Amino acid sequence: MAEPIRVVVTGAAGQIAYSLLYMISKGDVFGPNQPVILHLLDIPPMMGVLEGVVMELNDCAIPILRGVVPTDDPAVAFKDVSAAFLVGAMPRKQGMERKDLLAANVKIFKVQGEALDKHAKKDVKVLVVGNPANTNALICSRYAPSIPKENFTAMTRLDQNRALAEIARAINKPVDSVKNVVIWGNHSSTQFPDASSATVDMDGKIFNVVEVLKDDVWLNTTFVETIQKRGAAVIAARKMSSAMSAAKAASDHMRTWFRGTAPGEYVSMGVLSDGSYGAPKDVIFSFPVTVMGGKWSIVQGLKLNDNAKAMLTKTGDELCEERQEALVVIEA
Ligand SMILES: NC(=O)C1=CN([C@@H]2O[C@H](COP(=O)(O)OP(=O)(O)OC[C@H]3O[C@@H](n4cnc5c(N)ncnc54)[C@H](O)[C@@H]3O)[C@@H](O)[C@H]2O)C=CC1
Ligand SMILES: O=C([O-])CC(=O)C(=O)O
């Protein structure tokens, strides 16, 4: 069996981590034959709760979970890690937009960027989940100059999973028969969930979702708004933000990054923009990507109509505004 890898989860005493830690421990992310040592970071007042999480992880009796390191010290948490799930941050409440969390959360990602820079492996793969995820990921990467910028990503996989599920329901097919829905831009209500290149496998034949569904009005209105506002809908119902589905998406994102995309398939990840599709440069923008050998590449050549271009401009503008605001908060 392979040597264990060290994986850090921040916000380890919180809601998302409670589901995510089990998924990582049982091999959903790095595979059933890859032993892991989990580093669990939270803040000092949560150390008692974290102790309980450690007890439960031990009580799961999972053979590939080779060690658990609970701590409130970033230097310990980030030491020699190969993968980092940055979940720890304040969640939003009803009536807030995710960018309203910037002032409270962005400094966390400066500190954690610095700690990654000093202590993590130089090829560490970093997934930012804590909101506003795209801008937090950008700030984190800026404070970790010795780690390549392409190793910092933000999570839009939950939006992708929501979109796949919504389309599968609309065409009455299993969710794994639908592929290549794209989430463009920010993990916020300006994101553009785009089904124009999505496909569905029907008895081994591949069809375009738009042609199967034959309902452009639904795809351009209700579908888009449902995905844009799904996080708020979960908060309104649960009085807490999504956690189980967020953990599943984080697990999916990191699994794809470590193990690759299937031929012909792409997934959405918030990655450093190179200006593809007219997106602003130097923001973390969600694009369709393929992954091979642990490296992502933005899928090129997808067609965007005028409406799509306008949607990309709007979400790109929001990311530029968030970047500006984050820099003000950090420098204050
Ligand atoms: N990108 C996405 O798709 C999603 C993002 N989120 C975001 O994920 C974040 C976490 O959500 P939950 O787990 O539900 O929140 P939670 O409040 O249940 O847990 C957050 C945990 O982070 C800890 N924490 C706070 N500051 C920290 C720091 N500096 N270092 C380490 N830990 C720290 C808290 O003590 C707490 O235990 C929120 O910002 C939420 O908005 C949630 C769902 C989806
Ligand atoms: O909506 C929120 O605040 C939590 C989140 O990011 C999501 O569920 O997509």
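Indexing begins at 1, ligand by ligand and atom by atom, following the structure's order. For reference, positions follow the sequence shown, starting with 1. As the structure is a computational prediction, the values presented were derived from the model and not from experiment.
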Under 3.5 Å: N or O atoms of ligand 1 paired with protein N or O:
unit_1	atom_1	unit_2	atom_2	d
ligand 1	1 (N)	V129	O	3.2
ligand 1	3 (O)	H187	NE2	3.1
ligand 1	6 (N)	N131	ND2	3.4
ligand 1	13 (O)	Q15	N	3.4
ligand 1	13 (O)	I16	N	3.0
ligand 1	14 (O)	Q15	NE2	3.0
ligand 1	18 (O)	Q15	N	2.9
ligand 1	30 (N)	Q112	NE2	3.3
ligand 1	32 (N)	G11	N	3.4
ligand 1	35 (O)	D42	OD1	2.6
ligand 1	37 (O)	D42	OD1	3.4
ligand 1	37 (O)	D42	OD2	2.7
ligand 1	39 (O)	M90	O	2.9
ligand 1	39 (O)	N131	N	3.1
ligand 1	41 (O)	N131	ND2	2.8

*Check each heavy atom of R162 against ligand 2 and say whether those closer than 4.0 Å belong to the side chain, the backbone, both or neither.*
side chain
*Between D159 and ligand 2, which part of the residue brings a heavy atom under 4.0 Å of the ligand: side chain, backbone, both or neither?*
neither
*Just checking, is any N or O donor in the side chain of E56 or Y22 under 3.5 Å from an acceptor N or O on the other one?*
no
*Using a distance-only test with no angle check, is there a side-chain donor-acceptor pair under 3.5 angstrom linking Q15 and R238?*
yes
*Polar atom proximity, S241 to ligand 2 (N or O, under 3.5 Å)*: no
*Can you say whether the rings of F223 and W218 are parallel (under 30°), tilted (30 to 60°) or perpendicular (over 60°)?*
tilted
*Classify the angle between the aromatic ring planes of F287 and F285 as parallel (below 30°), tilted (30 to 60°) or perpendicular (above 60°).*
tilted
When you measure from the side chain of [X] to the backbone N and O of [Y], does any donor-acceptor pair fall under 3.5 Å?
| X | Y | value |
| --- | --- | --- |
| D159 | I183 | no |
| N186 | T315 | no |
| E225 | T222 | no |
| D317 | K314 | no |
| D42 | A13 | yes |

*Which of the atoms of ligand 2 are close to G231, meaning less than 4.0 Å from one of its heavy atoms?*
1 (O), 7 (C), 8 (O)
*Are I235 and ligand 2 in contact, using a heavy-atom cut-off of under 4.0 Å?*
yes
*Please verify whether a non-hydrogen atom of E97 lies at under 4.0 Å from ligand 2.*
no
*asked:* Name the residue from E322, E318, K99 that meets the side-chain hydrogen bond (donor to acceptor under 3.5 Å, both in side chains) definition with S188.
replied: E318
Among all protein heavy atoms in this structure, tell me which lies nearest to [atom], with the distance rounded to 0.1 Å.
| atom | value |
| --- | --- |
| atom 6 (O) of ligand 2 | H187 NE2, 2.6 Å |
| atom 1 (O) of ligand 2 | R92 NH2, 2.7 Å |
| atom 5 (C) of ligand 2 | R98 NE, 3.4 Å |
| atom 8 (O) of ligand 2 | S242 OG, 2.4 Å |

*Step by step, work out the side-chain hydrogen bond (donor to acceptor under 3.5 Å, both in side chains) result for S146 and K122.*
CA-CA 7 Å; S146 67; K122 294 301 168 203; 2.8 Å; yes
